[in-house]
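First up is the structure itself, then whatever we jot down about it.
The figures here come from the full heavy-atom set of this structure, side chains too, leaving out hydrogens, waters and symmetry mates. Quick note: residue numbers are just sequence positions, from 1.
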Amino acid sequence: MRRIVLPGGLFALIFVVFLWGAVLYPHSGELPSAASLEAPSADHWLGADNLGVDIYAQISRGFFNSLFTGLSAAGIAFLAGGVLGVGAGYLGGWADLAVEFLISVFLSAPQLPVMIVIGAFWGQSRLNVICIIAAFSWAPIARQVRARTMSIRRRDSLRLARSWGGGLWYLFRFHMSRDVLPLLAVGGVGVIGRAVVQESSLAFLGLSDPLAKSWGLMIARCTGFRGIYFTPYWKWWLLPPVVSLVATAVVLRMLARALEQSLLEES
């Protein structure tokens with residue numbers, strides 16, 4: 001578990017920094033509070049955008065918007081991947097073949113182009129973004145859970161419980177959960193990290209809720225500002241959301257990797 005300390009501490013630090021900006025910081029992330037494109041100062045820590053809205057307040061709200069999207073998508077992928085993976089690995093036969101086919105389809109599909117097409121047809125809303133990300137996140141979880149369940153079902157203790165009439169839910173609670181739930185936790189953390197990047201990508205392309213604060217939307221507005229790179233404004237308008245996005249995605253990836261390595265050491 002010592003592997004988790006560093007990435008867990010870094011994520012806690014990021015969380016506290018953005019919690020301060022969303023809750024205790026005196027400026028709003030919605031309303032103008034400074035001059036247009038004002039430089040960073042003691043009053044506005046990261047400056048303001050072309051509308052005079054404080055950038056630190058915006059990226060703080062964008063963090064929690066991305067985190068909510070990631071947690072929601074991870075929850076759906078957690079349930080779908082867990083149920084389908086356990087069901088396929090335990091039942092076998094046609095159920096296993098059907099789930100294996102679905103997993104292969106979703107893993108082989110080019111995610112971003114398909115997500116763009118689906119997002120364009122479904123429209124701009126946070127719920128649609130969550131559903132789209134979850135739809136392309138359950139397959140890796142289901143594949144790992146399926147493989148683990150197939151190995152678990154050969155154990156003598158599970159065969160004995162099954163011969164005495166134990167149902168799938170009973171077997172999962174008392175014989176499978178200790179092996180399967182850690183895999184689901186690792187997969188869920190990985191989904192959150194990918195969802196943060198995918199949500200920002202869809203927002204950058206204009207396929208997310210235009211009223212929600214998003215790092216991708218901030219980057220799109222900045223890069224769409226004419227002549228931005230011929231001015232110093234990009235230093236405090238573009239860099240903060242880019243650095244926040246990269247740092248959050250990297251830390252979440254480190255956390256998922258640390259959880260995976262800890263799981264391998266314990267097994």
Legend entry - Aromatic contact, Tyr56 with Tyr25 (centres under 6.0 Å): yes

Legend entry - Student check: side-chain heavy atoms of Lys213 and Asn65 closer than 4.5 Å: no

Inset, instruction - Could you check if a side-chain atom of Leu37 sits within less than 4.5 angstrom of a side-chain atom of Thr231, using non-hydrogen atoms only? - result: no

Inset, instruction - Would you indicate whether the side-chain heavy atoms of Asn50 and Arg221 approach each other to under 4.5 Å? - result: yes

Inset, instruction - From the options Leu245, Ile55, Asp49, select the one residue that forms a side chain to side chain contact (heavy atoms under 4.5 Å, CB included) with Met218. - result: Ile55

Legend entry - Heavy-atom check, side chain of Leu107 versus side chain of Ser104, under 4.5 Å: no

Inset, instruction - Write down the atom of Gly29, the atom of Arg61, and the distance for their closest heavy-atom approach. - result: CA-CD, 3.9 Å

Exercise answer: donor-acceptor pairs, residues 92-102 side-chain atoms, under 3.5 Å, sequence neighbours excluded:
from, atom 1, to, atom 2, distance (Å)
Asp96, OD1, Arg146, NE, 2.5
Asp96, OD1, Arg146, NH2, 3.4
Asp96, OD2, Arg146, NH2, 3.3

Inset, instruction - Assess whether salt bridge (Lys or Arg N to Asp or Glu O under 4.0 Å) is satisfied between Arg155 and Asp179, documenting all intermediate values. - result: CA-CA 12 Å; Arg155 294 178 181 174; Asp179 295 277; 3.1 Å; yes

Inset, instruction - Could you check if a side-chain atom of Leu238 sits within less than 4.5 angstrom of a side-chain atom of Ile219, using non-hydrogen atoms only? - result: yes

Legend entry - Note, Leu46 side chain near Trp237 side chain (heavy atom, < 4.5 Å): no

Legend entry - Nearest heavy-atom neighbours spanning Trp215 and Ile59: NE1-O, 2.9 Å

Inset, instruction - Just do the side chain to side chain contact (heavy atoms under 4.5 Å, CB included) check on Cys131 and Trp122 with the steps written out, would you? - result: CA-CA 10 Å; Cys131 292; Trp122 280 11; 3.9 Å; yes

Legend entry - Side-chain H-bond candidate by donor/acceptor type, Ser208 with Glu199, under 3.5 Å: no

Legend entry - Atom of Ala161, atom of Tyr170 and distance for their closest heavy-atom approach: CB-CE2, 4.4 Å

Inset, instruction - Could you tell me whether the side chain of Ile4 reaches within less than 4.5 Å of the side chain of Ser262, counting heavy atoms only? - result: yes

Under 3.5 Å donor-acceptor pairs involving side-chain atoms of residues 110-117, not counting sequence neighbours:
from, atom 1, to, atom 2, distance (Å)
Gln111, OE1, Gln198, NE2, 3.2

Inset, instruction - Could you tell me whether the side chain of Ser72 and the main chain of Thr69 form a donor-acceptor pair under 3.5 Å? - result: no

Legend entry - Arg162 vs Leu171 side-chain heavy atoms within contact, under 4.5 Å: yes

Legend entry - Arg253 atom CZ, neighbour heavy-atom count above 12 within 6.0 Å: no

Legend entry - Distance-minimising heavy-atom pair for Ile192 and Ala74: CG1-CB, 3.7 Å

Legend entry - side-chain contact (heavy atoms from CB on, under 4.5 Å) against Ala249, all qualifying residues, sequence neighbours excluded: Val197

Legend entry - Co-members of the apolar cluster containing Leu160 [side chain, <4.5 Å]: Trp164

Inset, instruction - List the steps and the verdict of side chain to side chain contact (heavy atoms under 4.5 Å, CB included) for Gln58 and Glu30. - result: CA-CA 7 Å; Gln58 288 188 69; Glu30 303 286 345; over 6 Å; no

If you look only at distance, which donor and acceptor atoms sit under 3.5 Å apart when one is on a side chain in residues 132-139 and the other is two or more places apart or in another chain?
from, atom 1, to, atom 2, distance (Å)
Ser137, OG, Ile133, O, 2.6
Trp138, NE1, Ala135, O, 3.1

Inset, instruction - Grab the two heavy atoms, one from Ala35 and one from Ala48, that are nearest each other, plus how far apart they are. - result: O-CB, 3.8 Å

Inset, instruction - Could you list who else is in Phe68's hydrophobic cluster, with ILVMFWY side chains joined at under 4.5 Å, directly or through other members? - result: Ile76, Ile130

Inset, instruction - Compute the centroid of each ring, for Phe225 and then for Trp234, and state whether the two points are separated by less than 6.0 Å. - result: no

Legend entry - Gly82 versus Val145, closest heavy-atom pair with distance: O-CG1, 4.1 Å

Legend entry - Ring geometry between Phe63 and Phe15 (parallel below 30°, tilted from 30 to 60°, perpendicular above 60°): perpendicular

